[in-house]
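Convention: sequence-line order gives letters A, B, ...; per-chain numbering from 1. On a predicted model such as this, the values are computed, not experimentally measured, just so you know.
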Amino acid sequence: MKYLIIGASHAGIACVEGIRSQDAEGQITLLSKEGHRPYGRPLISYYLEGKTDLEHISYRPESFFADHGAELRLNTEVLSIDAAQKTVRTAAGEEIPYDKLLVATGSVPFVPPMEGLESVEKKAGFLNLDDALRLESLINEKSRVLIIGAGLIGTKCAEGIAERVASVSIVEMMPRVLPAVLDEDCAAIVQAKMEENNCRFYLGDSVERFTGNSAKLKSGETVEFDVLVLAVGVRPNTALLQAAGAEIARGVKVDSHMQTSLPGVYAAGDLTLSHDVSDGGSEKVLAVLPNAYTQGYTAGQNMAGLASNFENAFPMNAGGFFGLHLITAGSYQGECLILPNEGGVKKLFIKDDRLVGYLLLGDVRRAGIYTSLIRDQTPLSTIDFGLIAQKPQLMAFSKAERAKMLAGGNKA
Amino acid sequence: MKRIYVDEKWCLGCRLCEYNCAFANATSGRDDMAKALKDREINPRIRIEEGGGISFAVSCRHCDDPFCQKACISGALKFENGQVTIDQEKCVGCYSCIMACPFGAVMPSDGTAVQKCDLCMQNHQGIPACVEGCPNRAIIFEDREAFA
Ligand SMILES: Cc1cc2nc3c(=O)[nH]c(=O)nc-3n(C[C@H](O)[C@H](O)[C@H](O)COP(=O)(O)OP(=O)(O)OC[C@H]3O[C@@H](n4cnc5c(N)ncnc54)[C@H](O)[C@@H]3O)c2cc1C
């Protein structure tokens, strides 16, 4: 069996681990456009912040590929897939055959047209390690940095460089920071924390025109800067599969085995569409790492012949800004309970006797107990909800349920 | 696979497991528990939950399908030979594992990284200190799957 994986990042590596959980023999090849061994993509801001380095940023140990009998080919971009012939073609013109293919090409940056962008000399994106290294080479302690976009990528970039530059300004079209993850109250808390740490926000605003080192905003304000970071947004990188004839909507359509509409061709990670269990199964792009890993692992198992399913995806985010921790999961729908939380706030969202979402800012300890209520769609009437709402705890579950968790089930 | 099992009907809530855990993982004062832990707020990797006359200890279950490891953004969490371990040098403290663990068994350490039970395989102890010190055998380290 020849397994071929396009994209050697989180979903690609997870696929190798999924394949090897079933098949010790088959030949595995990974093709990566990047020149670096797989690294923790979200770690690029931690790298700039000095919390990791070019050695520790590796996602797996150096021996991983040898240990897993997998070949990693860096600097190898795939230009096309021929699903009928079961081959892919690389930029170097090489044709590589496969029996089972995983496409794990992630996201591509989406930059809306901005007038005068070409007049900006020092600019960088913030999606990969090369972007981070480039940004690092552009900044110094005198730099005034302008970041476009206050989503996860823009805000993490800001945190990463805040101590290394003179100032960070962030322009965001939406009226709050982290608009996809936070509601108004929580966003205001995070914003204040960032403002204490050398960040300045221009919210509900956008750039009308760049002229060299100056950005004129729609609101009329002008921001002078030395270095520009474009962190506006990402889109599923569906180009290869689209051209190969796979079914695509806003992202690549996959079944619960991660197979695309093309037989033998699987997709996992940021380029796919998931069904969000926290909001009744609506189809969406869930571009977060735990989802990419689980999809990749599931794809690998199925490619190697085990019929496993991944059917309980939902959004989830963990992170922190200047020591303020934040964990969110699920959908912010139904009844919202606002509860006191050390150093921040807690919001639980309840709908049809289920926890469907939560926001935790400040004390995030044991948040995974809430996450599991969303994942398992646990009926809240079967647990002591009053107790668990105060603090995530196993005490809120029935004795029998606890015995399963802690005492190995039947033997308890 | 040997695992830690907790039978709540035998738990006295004495918290010796918490102290033994903190001592086993203490970075200084290894031969004297009082010296190592006195006047410190301990931050053990096993925690007692208590209330309504019930108590039990919670620590990492070393799941066969560990959500924490899948969610880890840095690769610091590893799943090997039935054990989930953390490389604190690699961990950046994003707390994705805390978001993912259904048992609430991964927790902040006193530094940036998270901490979790490693069955005392990485400290000097060699066998789980919580198990060894439990006066009522409420915490047990054994292979139950063989009987399941
Ligand atoms: C700055 C930043 C911070 C983030 N923080 C978090 C976080 O805290 N938590 C979280 O859950 N998620 C976070 N994310 C998102 C997370 O990184 C992604 O969800 C995850 O990387 C998706 O993994 P993937 O394998 O699907 O795709 P990617 O990691 O995007 O990898 C795709 C790979 O495919 C390669 N590729 C693309 N096209 C081709 C081709 N034609 N031929 C060969 N190779 C190709 C690319 O070069 C890339 O290496 C963050 C992302 C960024 C950029």
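Of the atoms belonging to Glu17(A), it is side-chain heavy atoms, and not backbone ones, that fall under 4.5 Å from chain B. No part of Phe321(A) comes within reach of chain B, as not one of its non-hydrogen atoms sits under 4.5 angstrom from that chain. With a 4.5 angstrom heavy-atom cutoff, Asn317(A) touches chain B only via backbone atoms. There is no contact between Tyr39(A) and chain B, counting heavy-atom distances below 4.5 Å. Using a 4.5 Å cut-off between heavy atoms, Ile140(B) does not touch chain A at all. Only the backbone of Ala57(B) comes within less than 4.5 Å of a heavy atom in chain A; its side chain stays farther off.
To the nearest 0.5 Å, atoms CE (Met99(B)) and CD1 (Ile369(A)) are separated by 15.0 Å. Atoms CZ and CE, on Phe103(B) and Met405(A) in that order, are 6.5 Å from each other to the nearest 0.5 Å.
At distances below 3.5 Å, not a single donor-acceptor pair connects side-chain atoms of Arg366(A) with backbone N or O atoms of Ile98(B). At least one donor-acceptor pair closer than 3.5 Å links the side chain of Lys90(B) to the backbone N or O of Ser58(A).
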Next item on the list: Begin with the C-alpha distance, continue with both residues' side-chain angles, and end with the deciding distance and a verdict on side-chain contact (heavy atoms from CB on, under 4.5 Å) for Val92(B) and His56(A).
Entry: CA-CA 10 Å; Val92(B) 295; His56(A) 288 95; over 6 Å; no
Note to self: What verdict does the side-chain contact (heavy atoms from CB on, under 4.5 Å) test give for Tyr5(B) and Leu406(A), after you've listed the backbone C-alpha separation in whole Å, the side-chain angles of each residue and the deciding distance to 0.1 Å?
What the structure shows: CA-CA 6 Å; Tyr5(B) 293 104; Leu406(A) 300 176; over 6 Å; no
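The environment of Phe65(A) atom CZ is dense: over 12 non-hydrogen atoms of other residues, nucleotides or ligands sit within 6.0 angstrom. No more than 12 heavy atoms of other residues, nucleotides or ligands shown are found within 6.0 angstrom of CD on Glu89(B).
In this view, Glu342(A) and Asp363(A), Arg365(A) satisfy the side-chain contact (heavy atoms from CB on, under 4.5 Å) rule, not counting sequence neighbours. Applying the salt bridge (charged side-chain N to carboxylate O under 4.0 Å, His left out) criterion to Asp110(B), with sequence neighbours excluded, gives no partner residue.
Between chain A and the options Met107(B), Glu8(B), Glu50(B), Arg3(B), heavy-atom pairs under 4.5 Å are most frequent for Glu8(B). Ranked by heavy-atom pairs shorter than 4.5 Å toward chain A, the options Gly93(B), Ala105(B), Gly75(B) are led by Gly75(B).
The heavy-atom pair separating Pro102(B) from Arg375(A) by the smallest distance is CG-NH1, 4.1 Å. In terms of heavy-atom proximity, Tyr46(A) sits nearest to Cys94(B) at OH-CB, 3.5 Å.
Taking 4.5 Å as the heavy-atom cut-off, the residues of residues 65-74 of chain B that approach chain A are Phe67(B), Gln69(B), Lys70(B), Ala71(B), Cys72(B), Ile73(B), Ser74(B), ordered by number. Of residues 382-397 of chain A, those residues lying under 4.5 Å from chain B by any heavy-atom pair are Gln393(A), Leu394(A), Met395(A).
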